[in-house]
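Following: one structure in structure tokens, then a few remarks.
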Amino acid sequence: ARYLGRLGATEAIPALLSLLRAGNPRVRSAGAMALGKLRASEAVPDLISIVENDPEIATQTHAAGALADIGDVRAMPVLLGLLASPNWIVRSAGVHGLASCGDVSAVAHLRAAAARERLLLRGPYRRALRRIRSRNRSRRLPTFMTPERRRRLLIATAKVGLFAAIFLALVKLSWAL
């Protein structure tokens, strides 16, 4: 199943959808990952069902990863629910999925979840917030920052830097005396 996803065999999507109902959790995981690689948006309802109901954490995580690869906004409520999971791997998959969806409405939820997270585990939250911000940032200059104002700001910053350098040189000179 994974090879079909890697090869981009979109004609295999119906067969891969049937793998999501298999009894073996590894088969369900492989089917979910392949559907994610194929970005099969028709698999979103089945993947949501796996994330919500599957007893295996690994299968839930792979289904959440597939939802992240697909990047469909329909998965947002489920991915937001993963942020409250007791398992860090599941929470991380939810964070990755929300970043892939790129919806600005997830920012407040990601910030709140990051505040609850242990300090060493906050990296995925920062990366997700950065990714969402970069996706939704306007490519043009804001109206208040005209090219003339930007030039003036750069000159003023350079002057302040020059004054700071002169001050530090004088302080060093006074220490030498």
Side-chain angles (χ1 to χ4, degrees), residues 1-140:
R2 289 186 203 158
Y3 296 115
L4 292 172
R6 288 182 192 158
L7 292 173
T10 56
E11 60 275 357
I13 290 175
L16 292 170
L17 283 170
S18 66
L19 292 180
L20 296 179
R21 296 179 218 23
N24 188 338
R26 288 185 180 190
V27 173
R28 290 194 304 270
S29 292
M33 288 187 289
L35 288 166
K37 295 288 182 204
L38 293 173
R39 299 192 190 327
S41 62
E42 57 267 25
V44 169
D46 293 329
L47 292 169
I48 288 173
S49 173
I50 288 177
V51 169
E52 291 176 334
N53 304 320
D54 203 276
E56 293 289 325
I57 290 177
T59 308
Q60 286 179 348
T61 306
H62 288 128
L67 287 171
D69 290 340
I70 295 169
D72 197 319
V73 183
R74 293 178 288 173
M76 286 279 295
V78 175
L79 295 171
L80 287 172
L82 292 180
L83 296 179
S85 173
N87 188 320
W88 181 79
I89 296 171
V90 175
R91 288 193 307 271
S92 180
V95 169
H96 176 63
L98 290 170
S100 294
C101 289
D103 194 357
V104 180
S105 64
V107 169
H109 298 283
L110 286 168
R111 284 186 179 147
R116 291 189 308 265
E117 194 67 68
R118 286 181 282 170
L119 190 60
L120 293 175
L121 301 177
R122 291 183 184 173
Y125 294 93
R126 284 192 298 271
R127 285 188 292 276
L129 289 167
R130 213 175 305 129
R131 186 172 175 190
I132 291 172
R133 255 193 311 268
S134 69
R135 262 190 180 180
N136 294 299
R137 185 176 295 145
S138 174
R139 298 293 176 216
R140 58 187 175 87

Using 0.5 Å steps for rounding, measure from the CD1 atom of Ile89 to the CD atom of Gln60. 11.5 Å
Partner residues of Ala43 under the side chain to side chain contact (heavy atoms under 4.5 Å, CB included) criterion, sequence neighbours left out: Leu17, Leu35, Ala40, Leu47
With salt bridge (charged side-chain N to carboxylate O under 4.0 Å, His left out) as the rule and sequence neighbours excluded, what pairs involving residues 80-94 come up? Arg91-Glu117
Could you check if a side-chain atom of Arg21 sits within less than 4.5 angstrom of a side-chain atom of Asp46, using non-hydrogen atoms only? yes
Looking at side-chain heavy atoms only, is the closest gap between His96 and Arg131 below 4.5 Å? yes
Do Leu98 and His109 come within less than 4.5 Å of each other through their side chains, counting heavy atoms only? no
So which heavy atom on Glu52 is nearest to which on Val78, and how close? OE2-CG2, 3.5 Å
Scanning both residues in full, the closest heavy-atom pair of Ala128 with Val95 reads CB-CG1, 3.5 Å
Nearest 0.5 Å, what's the OG-CG distance between Ser49 and Leu20? 9.0 Å
Please report the shortest heavy-atom distance between Ser41 and Ile70, naming the atom on each side. CA-CG2, 4.1 Å
In terms of heavy-atom contacts, Ala64 and Ala93 come closest through CB-CB, 3.8 Å
Please check: side-chain N/O of Ser92 versus main-chain N/O of Trp88, any donor-acceptor pairing under 3.5 Å? no
Using modelled atom types only, decide if a donor and an acceptor are shared between the side chain of Arg28 and the backbone of Leu19 within a distance under 3.5 Å. no
Quick check: does any side chain N or O of Ser29 sit under 3.5 Å from a backbone N or O of Pro25, one acting as donor and the other as acceptor? yes
If you round to the nearest 0.5 Å, how far is CG of Leu110 from CG of Leu79? 10.0 Å
How long is the gap from CE on Met33 to CG on Leu38, to the nearest 0.5 Å? 12.5 Å
Salt bridge (charged side-chain N to carboxylate O under 4.0 Å, His left out) pairs, two or more places apart, involving residues 55-64: none
Ignoring hydrogens, what is the shortest heavy-atom contact between Arg116 and Leu83? Give both atom names and the distance. NH2-O, 3.9 Å
Are side-chain heavy atoms of Val107 and Ile132 found at a separation under 4.5 Å? yes
For the residue pair Ala63 and Ile50, what are the closest heavy atoms and their distance? CB-CG2, 3.6 Å
